[in-house]
Amino acid sequence: QVQLTESGGGLVQAGGSLRLSCAASGRTFSPAAVGWFRQAPGKERGFVAVITWSIGYTYYDDSVKGRFTISRDNAKNTVYLQMNNLQPEDTAIYYCAAAVGVSGWYNGKGYDYWGQGTQVTVSS
């Protein structure tokens, strides 16, 4: 079993930055991809970014392109989400998830493991 633990959330003013971490523990961690999702109050959980574990291919939702950067440290079994120029609309609970398969990365259906989430609040 794989456990994912997010950290790094908090309260920040608009224009500020945060770096989220997603640490994996448990059995040998070698997913196909790790993604970040977010869920704002009253909204469905939505895709933010994804990175493939082997070659580091990345893909972002249009709403975060140019502001967020996803990266990984394979030796530490950790994926990061650097978030710059945060805006109030980025306020949400952020979740990381790991996918064993190669489909469903963007709609969330392809992930096998999910973290518990970390709150990001951006004040105006």
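- Closest heavy-atom contact between T78 and S21: CG2-CB, 4.3 Å.
- A donor-acceptor contact shorter than 3.5 Å is absent between the side chain of D61 and the backbone of V64.
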Worked verdict on R19 versus S71 for side chain to side chain donor-acceptor pair (under 3.5 Å): CA-CA 11 Å; R19 189 178 80 156; S71 62; 6.0 Å; no
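- Put simply, OG on S30 and CG on N77 are 9.0 Å apart, with the number rounded to the nearest 0.5 Å.
- Residues A24 and L4 share a closest heavy-atom pair of CB-CD2, 3.7 Å.
- Checking side-chain atoms of E6 against main-chain N and O of C96 turns up a donor-acceptor pair under 3.5 Å.
- Scanning all heavy atoms of the two residues, the minimum distance from A92 to A40 falls at CB-N, 3.8 Å.
- Figure legend: R72 and Y80 shown without cation-pi pairing, the cationic atom not lying both under 6.0 angstrom from the six-membered ring centre and within 45 degrees of its axis.
- Atom CZ of F29 sits in a crowded spot, with more than 12 heavy atoms from other residues, nucleotides or ligands closer than 6.0 Å.
- Side-chain atoms of S17 and N84 include a donor-acceptor pair closer than 3.5 Å.
- Between atom CE of residue M83 and atom CZ of residue R38 there is a gap of 9.0 Å, rounded to the nearest 0.5 Å.
- For the atom pair NZ (K43) and CD (E89), the distance works out to 8.5 Å, reported to the nearest 0.5 Å.
- There is no path of hydrophobic side-chain contacts, each under 4.5 Å, that joins Y60 to W105.
- When the options Y95, Y106, F47, F37 are evaluated for a ring-ring contact (aromatic ring centres under 6.0 Å, His included) with Y111, the one that passes is F37.
- There is a path of hydrophobic side-chain contacts, each under 4.5 Å, that joins V50 to W114.
- For the pair V120/L20, a side-chain contact is recorded, criterion being any heavy-atom separation below 4.5 Å from C-beta on.
- Between P31 and A98 the shortest heavy-atom distance is CB-CB, 4.2 Å.
- A donor-acceptor distance shorter than 3.5 angstrom exists from the side chain of T52 to the backbone of Y57, with no hydrogens or angles considered.
- Ring geometry for Y94 versus F68: interplanar angle of 30 to 60°, hence tilted.
- Two different hydrophobic clusters hold I55 and I70 under the rule that ILVMFWY side chains link at heavy-atom gaps under 4.5 Å.
- For the residue pair S124 and P88, the shortest heavy atom distance occurs at CB-CG, 3.8 Å.
- Between L81 and T69, the closest side-chain pair of non-hydrogen atoms is not below 4.5 Å.
- Hydrophobic clustering (side-chain heavy atoms under 4.5 Å, transitive across Ile, Leu, Val, Met, Phe, Trp, Tyr) groups V2 together with V100.
- Looking at Q3 and Y113, their side chains never come closer than 4.5 Å, going by heavy atoms from C-beta outward.
- The neighbour count for K65 NZ, taken as heavy atoms of other residues, nucleotides or ligands under 6.0 Å away, is above 12.
- The shortest side-chain heavy-atom distance between I93 and T118 does not fall under the 4.5 Å cut-off.
- The two atoms that bring Q116 and T5 nearest to each other are OE1-CA, 3.8 Å, heavy atoms only.
- Under the 4.5 Å side-chain criterion, counting only non-hydrogen atoms from C-beta, D90 is in contact with R67.
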